[in-house]
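Below is one structure; the comments refer to it alone.
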Amino acid sequence: GPAPSASRPAPDARSAEPPAPPDPTLLVTEPRVLAELERQGLTLSGVLGGKPEATTNHELGQLPALKPVWRVLDQELQRASARDKLAGVDVARFSHRLFDGRFLRLPQARFALAGVVNRPDRAPFEPGSCGETRLIYRLEYALDDQHASKLPMTLGIELPVASSAGACRDAAARWLEPVATEPAARAAWLRSSAGPLAPSRTRLDTASGRLVINLQLVRWPATVRPDLGGHAEYLLRSFRTNAAGLLQPERLENSIDPARLLTPSGRQTLAAWLRESAASIDAGTALLPQELLSERALSVTPRGLQRLANRPFSASLSKAELEQLDYTHGRRVRSASALLRRLDQLSCQGCHQARSVAGFHLLGEDAPGAARENALAMPVSAQVLADLPRRLRIARSLLAGETPDYTAPFAERAADSGGFGEHCTLGRDASFADWTCAVGFECSAIEAGEGDAIGQCLPRVREVGDACERGGVRPARDPERDRMLRVVPEACPDMVCNRSGVGFPGGMCTASCGSPGTACGAIAILDAFNACLARREAFLSCIRDSAQPAGLRACSAEQPCRDDYVCARAESGGVCLPPYFVFQLRVDGHSSSLH
């Protein structure tokens with residue numbers, strides 16, 4: 001089922017032990033609570049200083065603070081269209097599908113609160129703070145009963161949490177919710193003066209916070225890029241309020257601008273920072289100097305960290321020029337290749353492509369009544385679920401008046417259980433020697449590129465949901481030129497291998513419904529489905545008319561999917577599918593509703 005909205009353990013009536021002290025809430029994703037929070041003023045407009053009841057995108061577009069953001073996004077869409085003449089919003093006319101900017105101003109569209117996140121672990125990145133409160137809003141529209149969906153765009157508000165006389169115990173204690181099950185009561189307490197979401201604490205213009213955008217800019221279907229199983233690019237931008245109260249672009253945290261390294265001064269600044277920051281880089285708490293940062297980034301899917309676009313430091317630096325650094329004191333970074341991997345995952349694009357859901361870490365829960373064919377079974381990524389225990393340890397330390405250990409693991413290895421899909425060592429770098437797999441799994445190189453040090457923990461004998469194409473990426477500086485090398489299909493015992501060419505990155509072993517160890521889901525027949533969309537028919541009827549039942553891997557919070565797959569809602573629980581088989585995760589097809 002979905003990740004728990006709060007980290008508070010349920011009381012156990014059978015236990016004679018006294019109840020454990022309550023734990024602070026780390027994550028709120030329950031739709032009814034979020035709807036109540038919005039009703040009580042936590043709308044995007046309210047957070048940006050406008051009228052809380054102004055919730056449509058047409059109304060949002062009138063906010064002075066937001067107008068510069070929308071102008072930047074308009075320019076980004078024009079840039080993408082000018083660069084790629086095959087890109088457009090009409091599925092029938094364009095083979096590369098572009099985000100339709102009309103949704104940003106549509107009266108029938110809005111940014112709905114999809115999640116509230118308590119991030120005490122972010123304190124090292126906002127010096128003097130007690131971490132951050134994050135509000136994630138997801139773009140959605142509803143034209144009528146047949147034409148309604150979410151879209152692959154989130155807008156995040158990141159608010160630093162002020163300390164009290166230099167201490168964070170009070171700030172941490174605000175997340176200790178009273179026991180309340182009614183959504184209205186929970187929301188009222190969270191919004192009260194004692195709670196973490198009080199109006200005075202959730203105004204962007206008074207909290208020195210930032211607004212961040214993650215947007216699927218363009219998507220190429222598998223028919224265009226059959227070797228990769230498709231290609232998508234996600235735009236990452238950040239904005240901060242200026243003295244006039246307007247949101248202006250700012251440079252992205254830890255995301256290096258390769259152009260700044262072309263000057264001798266830029267190279268010298270980076271070299272000095274690498275020497276002076278070895279300990280904080282090793283701990284995962286380093287901050288790159290502002291003068292080296294980029295204002296924009298693109299992350300790409302599928303194949304995450306194999307693609308150079310998602311590894312900006314590896315694209316800018318060579319291992320050879322980092323060999324002379326001292327790695328003898330590192331706990332996690334003990335080689336030049338591990339240093340590059342750590343730096344890449346501290347960047348925006350590297351983090352967003354480390355065990356994420358198509359470039360996102362929080363997409364929100366779908367309401368119980370949402371159409372199963374367009375709903376997710378999990379609101380957050382495998383990386384977030386794996387990192388929650390670390391965030392809880394930090395919150396508990398703050399509550400106890402202690403100084404927490406803020407050390408962070410690599411983003412791609414947030415858990416250390418070695419379970420299904422976790423990243424693991426292929427034995428080529430001592431820095432990753434302890435990245436082993438649990439009993440019953442082996443570190444598989446089936447999806448690894450040539451010379452890669454990292455694989456995935458997968459069953460020794462192939463099972464439903466596992467990869468069935470062997471081969472890795474030959475990366476290029478331009479991600480559109482990335483190519484798969486020497487792809488070889490491998491047999492799925494008593495199953496079928498659905499290959500990349502029909503939209504399954506790395507291939508996926510599929511059984512028939514009712515087969516032992518499988519969950520029953522549905523797979524769209526690609527040609528029939530896309531032809532239906534091109535005729536501008538409603539998505540739900542297209543999927544229902546073209547889908548075939550299939551035995552798929554079951555998924556849940558405890559049972560994740562492998563990289564490049566999403567836990568989609570099924571008749572019972574969740575099943576692993578390519579993300580772009582779920583309409584709300586693809587940029588294309590929605591525009592037919594507007595014509």
Side-chain angles (χ1 to χ4, degrees), residues 3-12 15-30 33-34 37 42 115-136 156-183 185-202 207-209 280 283-285 361-362 379-380 383-409 414-416 557:
S5 283
S7 59
R8 296 168 294 172
D12 186 351
S15 173
E17 296 283 327
D23 273 330
T25 297
L26 295 175
L27 192 60
V28 182
T29 59
E30 209 278 302
V33 177
L34 297 172
L37 285 169
L42 200 63
V116 176
V117 193
N118 174 16
R119 294 294 305 270
D121 58 302
R122 288 282 304 164
F125 299 94
E126 291 283 349
S129 79
C130 297
E132 288 175 355
T133 297
R134 293 188 170 183
L135 311 173
I136 310 297
I157 303 293
E158 301 179 352
L159 303 164
V161 177
S163 64
S164 176
C168 292
R169 182 185 285 172
D170 291 348
R174 289 188 205 115
W175 290 97
L176 292 171
E177 289 189 61
V179 175
T181 54
E182 281 300 309
R186 276 195 72 193
W189 190 87
L190 289 166
R191 290 287 281 165
S192 73
S193 59
L197 306 179
S200 61
R201 299 188 181 103
T202 50
S208 309
S280 58
T285 57
H361 284 301
L362 192 154
V380 295
Q383 194 275 341
V384 169
L385 287 174
D387 196 43
L388 285 175
R390 179 184 72 96
R391 300 180 193 177
L392 183 57
R393 286 195 299 272
I394 290 171
R396 285 172 173 167
S397 291
L398 294 174
L399 281 169
E402 301 165 352
T403 301
D405 176 6
Y406 288 106
T407 302
D416 206 26

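Small disclaimer: the values here were computed from a predicted structure and weren't measured.
- Shortest non-hydrogen contact noted between Glu30 and Pro183 is OE1-CG, 4.4 Å.
- Under the 4.5 Å side-chain criterion, counting only non-hydrogen atoms from C-beta, Thr407 is not in contact with Thr285.
- Summarising the geometry of Pro120 relative to Tyr406, their closest heavy-atom pair is O-CE2, 3.5 Å, with the distance given to 0.1 Å.
- For the pair Leu392/Ile394, no side-chain contact is recorded, criterion being any heavy-atom separation below 4.5 Å from C-beta on.
- Side-chain contact check for Leu399 versus Leu176: some heavy-atom pair is nearer than 4.5 Å.
- Within the structure, salt bridge (Lys or Arg N to Asp or Glu O under 4.0 Å) pairs that include any residue of residues 389-403 comprise Asp23-Arg396, Asp121-Arg390, Asp387-Arg390, Asp387-Arg391 (at least two apart or interchain).
- Counting only distance, with no hydrogens or angles, the side chain of Arg119 and the backbone of Pro160 share no donor-acceptor pair below 3.5 Å.
- In terms of the salt bridge (Lys or Arg N to Asp or Glu O under 4.0 Å) criterion, residue partners of Glu132 (sequence neighbours excluded) are, by chain and number, Arg122, Arg134, Arg210.
- Contact record, Pro404 with Leu398: CG-CD2, 3.5 Å, taken as the closest heavy-atom pair.
- With a 4.5 Å cut-off on side-chain heavy atoms, Val28 and Arg186 count as touching.
- Between Val161 and Arg174, the shortest heavy-atom contact is CG1-NH1, 4.2 Å.
- Using a 4.5 Å heavy-atom cutoff, the side chains of Leu362 and Val117 are in contact.
- In this structure, Ala171 and Cys130 approach most closely via the heavy-atom pair CB-CB, 4.0 Å.
- Taking every heavy atom of both residues into account, Gly128 and Ser163 meet most closely at O-OG, 3.6 Å.
- Counting only heavy atoms from C-beta outward, the side chains of Trp189 and Pro196 approach each other to under 4.5 Å.
- Counting heavy atoms from C-beta outward, Trp175 and Thr133 have side chains that approach closer than 4.5 Å.
- Panel note: side chain Glu126, backbone Ser129; no donor-acceptor pair is recorded below 3.5 Å.
- For the pair Arg191 (side chain) and Leu197 (backbone), a donor-acceptor distance under 3.5 Å is present.
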